[in-house]
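Worksheet for the structure shown next.
Each chain gets a letter, A, B and so on, in the order the sequences are listed, and its residues count up from 1.
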There are 2 protein chains.
Amino acid sequence: MTNLAVIGPGLLGGSIALAARRAGGYRISAWARRPEAVDELRRKGVADFASCDLREATAEADQVVLCVPIGAMAGIAKELAASLRSGALVTDVGSVKADVVRELPPLLGVNVRFIGSHPMAGSEQTGIAAARADLFDGSVCIVTPTAESKREDVAEAGALWRALGCRVRELSPEVHDETVAMVSHLPHLLAAALVNLAEERQSGSLDFAGPGFRDTTRVAAGPPEMWTEILRENREAVRNSTQAMVEKLLELLKLLDRLPENGERQLHEFLSQAKSRRDSVRS
Amino acid sequence: MTNLAVIGPGLLGGSIALAARRAGGYRISAWARRPEAVDELRRKGVADFASCDLREATAEADQVVLCVPIGAMAGIAKELAASLRSGALVTDVGSVKADVVRELPPLLGVNVRFIGSHPMAGSEQTGIAAARADLFDGSVCIVTPTAESKREDVAEAGALWRALGCRVRELSPEVHDETVAMVSHLPHLLAAALVNLAEERQSGSLDFAGPGFRDTTRVAAGPPEMWTEILRENREAVRNSTQAMVEKLLELLKLLDRLPENGERQLHEFLSQAKSRRDSVRS
């Protein structure tokens with residue numbers, strides 16, 4: 001039995017608990033800040049043990065997953081340093097990694113091992129009510145070791161995510177942040193921009209949205225607090241990817257201008273390339 | 001019984017035939033250019049009658065729906081002028097309307113009525129194999145009358161689309177083209193740009209795509225030929241909406257620069273506004 005502590009059981013934390021239960025071999029404890037959330041965890045039987053007391057929820061833990069907002073992680077880590085048993089492995093689900101991976105280990109202390117993680121799962125939904133045992137099935141979890149990380153710790157974090165259903169990949173925290181800026185944070189910004197632009201330029205146009213628009217903008221329904229934090233934390237990489245998108249769109253504008261003459265072949269090539277790349281993405 | 005002729009039964013045409021069959025009250029004939037497609041229509045029993053001969057497929061038609069690429073419509077219309085019986089109603093499923101609605105009526109002649117339509121349904125899939133009787137359920141169909149259109153003809157076209165499962169809206173051809181540039185053509189261009197940008201800037205990054213990226217870029221898997229034609233036909237409105245998106249992204253870049261100081265409140269407001277607008281979109 002591995003004692004697994006889930007800190008902050010919302011959509012991701014709740015799904016981790018449910019997926020660990022499904023996998024078997026875990027004794028799951030959960031910590032939530034609000035007593036009502038603890039009551040709900042108990043009612044639903046999501047964890048074997050639930051408490052508002054961080055020390056109580058983590059005293060026996062072999063592995064701890066931080067599923068709180070990035071801004072709350074440092075405070076939690078300081079408390080954990082005083083309560084975790086020596087040798088415990090801590091990981092997290094934060095969407096931005098460089099700062100977290102640099103700041104948390106000194107706070108957790110020398111007796112606790114830390115490996116950053118980012119499961120690329122979830123949806124525009126939030127909260128324990130949306131949690132599912134199969135949320136991670138087939139999704140990628142990026143673990144983000146540093147030069148100081150021990151291979152056995154990286155392997156242990158990877159094994160946990162695999163047990164929960166993920167395909168595991170490794171990136172350095174910095175490359176992780178650039179990569180998710182491109183495949184997650186910029187897409188979010190574009191979706192929100194598209195919704196706002198459509199409404200502002202042509203009031204009522206959202207009434208004409210078809211399935212394409214609904215897919216393209218689905219993420220814009222995600223929680224604004226969480227996304228403000230993510231975009232702030234990763235602002236440099238998000239800035240670079242947004243700037244790159246502006247340049248790409250300026251190229252496309254030139255191409256649209258040349259359409260009556262010789263732009264058609266290039267536009268077709270551009271769309272064909274996008275299609276073949278998109279077709280290669282695992283669903 | 002209404003004699004309904006479907007010209008070009010791919011995803012949309014095939015779904016029209018299946019939805020009309022489900023609705024009841026239609027005798028459905030279908031025309032396809034290729035003999036193999038006619039064989040498939042016959043094998044699947046999608047229509048009551050199928051033929052490669054346009055005259056044969058439309059001789060009895062009360063209503064005709066053109067489901068061929070926009071570039072093929074004029075040629076078909078000329079042939080139809082010679083074969084349709086007087087008083088037949090012709091409509092179409094073209095994604096761009098101003099040119100089609102201006103060019104087709106003179107070709108069809110004075111004895112044939114024409115009302116443009118654009119059902120906002122479909123997916124990145126193509127072909128009769130993807131056709132479904134419920135493709136149009138709950139989707140919007142925009143009919144695009146002009147100042148010359150008779151109300152009874154507009155009503156008849158609307159009634160057909162309602163019978164197939166659509167909610168029907170009316171826009172002038174010009175406003176239609178501006179609206180779909182914003183809610184369909186720009187989203188397509190963005191999706192394709194995002195896929196290409198991610199791969200070009202960070203080779204391999206598509207391997208890290210999560211559900212958000214997959215949703216946001218799904219339409220980029222659509223057929224490049226069709227989308228090249230759509231973007232070319234509607235290039236002016238697509239240009240305007242793309243230019244507007246560039247300006248929106250430049251605003252966001254400024255906002256990202258001000259994040260450490262006072263930009264956070266504004267970013268949160270921007271995301272909150274997008275969320276509440278996106279939440280209001282019918283799914």
Side-chain angles (χ1 to χ4, degrees), chain A residues 120-121 123 139-140 142 179 182-184 187 189-199 201-202 205-206 208-221 224 227-228 231-232 235 238-239 242 244-246 248-249 252-253 256 259 264 267-268 271-275 277-279 281, chain B residues 120-121 123 139-140 179 182-184 187 189-199 201-202 205-206 208-221 224 227-228 231-232 235 238-239 242 244-246 248-249 252-253 256 259 264 267-268 271-275 277-279 281 283:
Chain A
M120 305 284 288
S123 73
S139 70
V140 166
I142 308 175
T179 302
M182 197 56 96
V183 300
S184 172
L189 213 51
L190 287 178
L194 196 50
V195 169
N196 283 340
L197 192 64
E199 180 55 29
R201 292 265 162 165
Q202 284 175 270
S205 63
L206 296 181
F208 299 96
F213 188 85
R214 289 199 294 273
D215 280 348
T216 309
T217 61
R218 181 160 294 123
V219 294
W227 280 99
T228 302
L231 296 172
R232 185 194 65 214
R235 62 183 171 276
V238 173
R239 206 200 179 292
T242 306
M245 178 53 83
V246 167
K248 184 61 104 182
L249 293 180
L252 283 169
L253 280 170
L256 289 171
L259 265 186
E264 189 155 341
L267 181 60
H268 185 269
L271 295 174
S272 298
Q273 196 161 45
K275 175 178 169 52
R277 285 168 171 165
R278 181 58 184 76
D279 285 343
V281 172
Chain B
M120 304 283 287
S123 73
S139 70
V140 167
T179 302
M182 197 57 96
V183 301
S184 171
L189 213 51
L190 287 177
L194 197 50
V195 169
N196 283 340
L197 192 64
E199 180 56 29
R201 292 264 162 165
Q202 284 176 272
S205 63
L206 296 182
F208 300 96
F213 187 85
R214 288 198 294 272
D215 280 347
T216 309
T217 60
R218 181 160 295 121
V219 293
W227 280 98
T228 302
L231 296 172
R232 185 193 64 213
R235 63 183 171 274
V238 172
R239 206 200 180 290
T242 305
M245 177 54 84
V246 167
K248 184 61 106 181
L249 292 180
L252 283 169
L253 280 170
L256 288 171
L259 265 186
E264 188 154 342
L267 181 60
H268 185 269
L271 296 174
S272 298
Q273 196 161 45
K275 176 180 169 49
R277 285 167 171 166
R278 182 59 184 76
D279 284 343
V281 173
S283 65

Please look at [X] and chain B and tell me whether the side chain, the backbone, both or neither of the residue comes under 4.5 angstrom of a heavy atom of that chain.
X	answer
Val140(A)	side chain
Ser139(A)	neither
Leu252(A)	side chain

Determine the minimum heavy-atom distance between [X] and [Y], stating which atoms define it.
X	Y	value
Val195(A)	Ala274(B)	CG1-O, 3.6 Å
Ala198(A)	Val183(B)	CB-CG1, 4.4 Å
Ala192(B)	Leu271(A)	CB-CD2, 4.0 Å
Leu259(B)	Leu231(A)	CD1-O, 3.9 Å

Legend entry - Between Leu249(A), Val246(A), Val219(A), Thr216(A), the one whose heavy-atom pairs under 4.5 Å with chain B are most numerous: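 So the answer, after comparing Leu249(A), Val246(A), Val219(A), Thr216(A), is Thr216(A).
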Inset, instruction - Using a cut-off of under 4.5 Å on heavy-atom pairs, state which of Ala220(A), Gly210(A), Ala209(A), Ala121(A) scores highest against chain B. - result: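 Top option by heavy-atom pairs under 4.5 Å: Ala220(A).
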Chain A: which of [options] shares the most heavy-atom pairs with it under 4.5 Å?
options	result
Leu253(B), Leu190(B), Leu194(B), Asn196(B)	Asn196(B)
Phe213(B), Trp227(B), Phe208(B)	Phe208(B)
Leu189(B), Thr217(B), Leu206(B)	Thr217(B)
Gln273(B), Lys275(B), Met120(B)	Lys275(B)
Pro224(B), Ser205(B), Ala191(B)	Pro224(B)

Inset, instruction - Say whether, by atom type as modelled, one donor and one acceptor occur between the side chain of Arg278(B) and the main chain of Arg214(A) under 3.5 angstrom. - result: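 At least one qualifying donor-acceptor pair exists.
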Inset, instruction - Using modelled atom types only, decide if a donor and an acceptor are shared between the side chain of Arg201(A) and the backbone of Thr179(B) within a distance under 3.5 Å. - result: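 No, because the side chain of Arg201(A) does not come within donor-acceptor range (under 3.5 Å) of the backbone of Thr179(B).
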Legend entry - Nearest-0.5 Å distance that lies between atom CG in Leu267(A) and atom CZ in Arg235(B):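 Going from the CG atom of Leu267(A) to the CZ atom of Arg235(B) covers 11.5 Å.
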Legend entry - Portion of Glu264(B) that has a non-hydrogen atom of chain A nearer than 4.5 angstrom: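 Contact with chain A is through both the backbone and side chain of Glu264(B).
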